[in-house]
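Have a look at the structure below before the remarks.
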Amino acid sequence: MSAIRRAVTGTWDRFAASDPGLLRLMAGLRTVGAILVTLVVLALLHTGVPLMVAGAMTAMVATFAIREKEVRGQAITLALGLPVALATMTLGALLHADVIAGDLSFLALIFGAVYSRRFGDRGTALGLIGFQVYFVSLFVRATVPALPQLALTLAVAFACSAVVRFTVVPETPQRTLARLRAAFRARLAQLVATHLALMDAEPGQLDDVLDDLRRDTARLHEAALMIQGRLEEGTPDEATAGLLQRRVADAEIAAERLGMLLLNARSAERADTLTLHLPHAALPTTTSVLETGGDVHTRLRRDLEALNLLVARRAPDDRGTALAHVRNRLLGYRDEDKLPPASPAVQDAFRGIGEAARAVLGLRLALDGPQDESDDSPATTRSREEFDAEDLAIVAGTGEDGDEPEDDRTGLERPTTRAAFQVAVGSALAIVGGEFLSSQRWYWAVLTCWVVFLNTSSTGEILVKGYRRLVGTVFGVVAGVALAGLVGNHTWTAFALVLVCIFGMFFTAPLSYALMSFFVTAMLGLLYTLLDTYSLSVLVLRIEETALGAACGIIAAMLVLPVHTDRRTDEHLDTVLVRLREVVAAAVEQLSGGPAVDLLGLARDLDTALDELRASTRPLTHPITPLRVRRQTAQYLVALLETCAYHARSLAATAELVPYSRTIAADPRLSLAGKRIARNLDLIAARVRDEPAEGEVEAGASIAAMLEASDSPALRSGTVTFRVLRHLQRLDENVVGIARPLDVPVAGRNAGPRA
């Protein structure tokens with residue numbers, strides 16, 4: 001039984017890690033539940049199949065459109081959504097026979113739905129409900145005589161959506177945050193397991209293991225960012241939020257650093273952090289300084305297994321002297337006299353395990369509260385005392401955040417206004433073209449045009465999204481044909497398969513837009529079967545309308561207030577450089593004795609900006625792009641910036657402890673290095689903005705010289721001072737590396753990041 005329980009637990013952990021916070025699972029269950037309850041209620045009311053289809057589609061919209069985090073906000077938006085839905089359904093029925101007035105009204109509704117995004121989550125939800133319910137009216141061919149029954153159907157759908165959302169599958173910020181914390185722990189365990197695989201990998205397997213290491217490190221970072229986005233609503237007070245943010249950041253940084261140290265321990269030459277972020281980058285050599293099967297290798301592997309055990313421990317009451325002994329032993333590696341005799345690189349790996357164990361202990365204290373201290377070793381006691389001091393510092397530093405800067409763009413410069421005009425023009429083209437293809441189902445082209453603009457900000461993103469939707473639609477048509485033949489005239493079988501497709505649609509949406517489009521099209525084949533309008537020609541028409549809608553969207557994006565991919569990418573790149581400068585300057589200032597600021601908050605702002613840059617470069621790095629050199633340059637720049645962000649996070653986490661720590665002291669000499677890095681970033685940002693800037697990017701030799709001062713006890717490997725200088729050195733090198741592909745003048749042209 002215990003083996004079965006462990007297998008089930010391990011499987012669930014892997015699933016929780018693949019779906020952080022179970023957000024996709026809950027979204028799928030909530031939507032399917034709302035549709036199922038709606039169908040049951042409508043069936044009890046002896047409603048006809050067309051109205052049941054309308055109710056199912058409305059319940060789906062009323063559920064997925066609402067994205068607010070607070071329960072109260074969700075309830076208000078849902079209550080406001082019903083009159084919006086009734087109004088648009090009425091409009092669709094009234095204009096059913098008036099083609100011109102109906103088309104003009106649809107375009108006005110589309111413009112308003114997109115423009116309403118400027119009003120936040122509620123405006124976005126109400127606009128989406130208005131558009132989708134009008135689309136439902138076209139799909140079921142709503143008429144004025146049917147309005148009373150349609151109104152009742154909409155009311156039932158919204159009521160069932162509310163019941164499922166607030167009672168059957170409740171979603172509160174606290175529940176979501178708790179699941180996200182469990183997902184972070186599971187992803188941390190996966191990353192440590194990959195560290196173990198890195199230890200055992202043969203030279204021929206190393207490339208695959210490195211890919212896994214990059215993927216798992218990125219997934220851990222993603223989970224940390226998702227937790228950051230839920231802290232404000234999911235914690236009772238600001239102090240608790242700050243404490244959890246600190247502990248999650250510590251664990252993320254320690255795990256990423258451990259991966260880098262293990263790479264160094266495997267390599268006869270020192271690897272660079274760029275190895276963790278640049279796709280297909282390899283170690284400078286595959287010659288291991290660890291003798292496989294040797295005493296040091298065996299001990300290091302055993303300690304990684306012990307670290308994985310500490311991470312995977314699930315409950316606060318899962319204790320025992322064995323776990324306490326393992327924890328104490330790993331924390332002992334923070335003391336120099338506990339390190340095994342080995343090369344400096346291997347000793348650094350043991351230090352990394354000790355720091356990771358400390359981070360896991362801090363995460364346990366933050367998530368599970370106080371623990372039994374009876375079996376603590378002196379090293380564990382010291383770690384707990386450090387956490388107590390940090391907790392006091394976090395509580396004392398709360399309430400100092402400033403307000404978020406507001407978007408000061410107006411008129412056509414505002415993204416929502418620009419997108420509203422683009423979608424309206426594209427939809428007008430889709431209506432005209434769609435009428436030529438089919439006077440009955442032209443709205444499929446409009447829907448595709450609308451969808452390809454969702455969550456996109458440049459012409460390149462729209463092009464890639466339109467391509468993916470077309471691919472998913474083609475394969476979905478094949479599935480729709482097969483499913484329609486399978487269900488025949490079995491109504492409830494068709495509805496059951498519709499629910500399966502809807503769940504698949506919402507579960508896969510964040511992972512693959514093509515896969516989501518596949519489930520949408522397969523579902524439509526079933527809906528047409530339910531409405532007795534199914535035929536192969538209808539599904540082929542679906543492909544044609546999809547291609548037309550995607551083309552109209554791309555044309556509108558290129559001709560109407562276009563935002564080219566290069567321009568959008570440059571805007572995000574400039575934002576990342578500014579955020580990076582802010583973090584580095586503030587961290588170095590605090591390390592030099594300056595005032596305390598919210599450095600981890602600044603670091604998370606940098607991470608958010610970097611995610612936006614990564615998204616904007618996807619059209620440039622997509623496999624179908626013909627510009628291979630440009631693709632490699634974009635990947636290289638993003639990898640360098642990810643490396644810089646890692647070092648900036650590490651500096652920020654260290655600098656935050658300076659005002660309160662007894663072991664970390666400020667050093668004014670660091671300010672010179674910080675000013676040089678900040679100046680280099682200013683020069684690069686000016687070039688990105690096409691602003692005049694005089695001077696050259698300079699790499700300083702002073703940091704490297706200080707690192708070589710091995711006779712100084714404060715600069716020996718493993719000390720905080722050595723780590724700070726190493727991060728500054730890497731930042732210095734990688735900032736110079738960023739300058740080169742951007743054609744920013746570099747003094748000496750022989751300095752750059754180590755590869």
Side-chain angles (χ1 to χ4, degrees), residues 188 191 213 217-218 220-221 224-225 228 245-264 270-277 334 348-349 351-360 362-363 386 390 576 579-592 596-607 610 639-658 661 663-667 670 673-674 677-678 681 703 706-707 715 717-735 753-754:
L188 182 58
L191 181 55
L213 184 63
T217 302
L220 183 68
H221 180 61
L225 285 180
Q228 171 71 17
Q245 178 190 22
R246 172 75 203 192
R247 298 296 170 246
V248 168
D250 284 345
E252 178 194 355
I253 292 169
E256 188 168 5
R257 182 170 181 269
L258 177 58
M260 190 63 241
L261 295 175
L262 289 172
L263 285 176
N264 284 333
R270 180 170 287 276
D272 187 79
T273 41
L274 185 61
T275 308
L276 282 179
H277 303 113
R334 301 183 67 213
D348 281 344
R351 291 189 187 97
I353 291 177
E355 292 297 330
R358 178 188 183 276
V360 171
L363 195 61
E386 291 172 354
E390 291 175 19
V576 171
R579 295 285 183 268
L580 179 60
R581 186 199 185 284
E582 290 174 351
V583 177
V584 174
V588 173
E589 183 178 4
Q590 194 158 318
L591 285 166
S592 304
V597 296
D598 181 16
L599 291 173
L600 287 182
L602 292 175
R604 287 312 181 197
D605 290 340
L606 168 62
D607 291 332
L610 188 55
L640 282 174
L641 288 168
E642 287 178 341
T643 299
C644 290
Y646 159 68
H647 292 297
R649 283 195 302 271
S650 300
L651 281 176
T654 304
E656 278 209 333
L657 304 179
V658 170
S661 176
T663 59
I664 305 176
D667 189 340
L670 297 175
I677 295 173
L681 289 170
I703 302 177
M706 294 176 70
L707 285 173
L715 291 177
S717 181
T719 62
V720 175
T721 304
F722 181 90
R723 192 180 307 170
V724 167
L725 292 175
R726 174 62 67 186
H727 288 309
L728 285 172
Q729 177 72 18
R730 293 305 191 207
L731 270 170
D732 202 23
E733 293 173 348
N734 284 283
V735 168
R754 298 181 183 178

Got a donor-acceptor contact below 3.5 angstrom from the [X] side chain to the [Y] backbone?
{"X": "Arg334", "Y": "Gly352", "answer": "no"}
{"X": "Glu355", "Y": "Ala254", "answer": "no"}
{"X": "Asn734", "Y": "Arg730", "answer": "yes"}

Exercise: identify the closest heavy-atom pair between [X] and [Y]:
{"X": "His647", "Y": "Leu731", "value": "CB-CG, 3.7 Å"}
{"X": "Leu220", "Y": "Leu188", "value": "CD1-N, 3.7 Å"}
{"X": "Gln590", "Y": "Leu599", "value": "OE1-CD1, 3.7 Å"}
{"X": "Leu258", "Y": "Ala349", "value": "CD1-O, 3.8 Å"}
{"X": "Ala359", "Y": "Ala251", "value": "CB-CA, 3.7 Å"}
{"X": "Leu606", "Y": "Ala648", "value": "CD2-CB, 4.1 Å"}

Under 4.5 Å between any side-chain heavy atoms of [X] and [Y], yes or no?
{"X": "Leu610", "Y": "Glu642", "result": "yes"}
{"X": "Ile677", "Y": "Val588", "result": "no"}
{"X": "Val724", "Y": "Leu728", "result": "yes"}

[X] side, atom [atom1]; [Y] side, atom [atom2] - distance, nearest 0.5 Å:
{"X": "His221", "Y": "Glu256", "atom1": "NE2", "atom2": "CD", "value": "8.0 Å"}
{"X": "Cys644", "Y": "Arg581", "atom1": "SG", "atom2": "CZ", "value": "14.5 Å"}
{"X": "Asp348", "Y": "Arg257", "atom1": "CG", "atom2": "CZ", "value": "6.5 Å"}
{"X": "Asp607", "Y": "Tyr646", "atom1": "CG", "atom2": "OH", "value": "13.0 Å"}
{"X": "Leu681", "Y": "Leu580", "atom1": "CG", "atom2": "CG", "value": "5.0 Å"}
{"X": "Leu363", "Y": "Asp250", "atom1": "CG", "atom2": "CG", "value": "9.0 Å"}

task: Walk me through it: do Ile353 and Leu261 pass the test side-chain contact (heavy atoms from CB on, under 4.5 Å)?
output: CA-CA 9 Å; Ile353 291 177; Leu261 295 175; over 6 Å; no
- prompt: So among Arg649, Arg246, Gln228, which one has a side-chain contact (heavy atoms from CB on, under 4.5 Å) with Leu600?
  reply: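 So the option named by the test is Arg246.
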- request: Tell me, with the steps shown, if Arg604 and Glu582 meet salt bridge (Lys or Arg N to Asp or Glu O under 4.0 Å).
  value: CA-CA 12 Å; Arg604 287 312 181 197; Glu582 290 174 351; over 6 Å; no
- request: Answer yes or no: is there an ion pair linking Arg726 with Glu733, defined by an N-O contact shorter than 4.0 Å?
  value: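 No, this pair does not count.
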- request: Dump the intermediate steps for side-chain contact (heavy atoms from CB on, under 4.5 Å) on Asp605 and Val583, then the final yes or no.
  value: CA-CA 9 Å; Asp605 290 340; Val583 177; over 6 Å; no
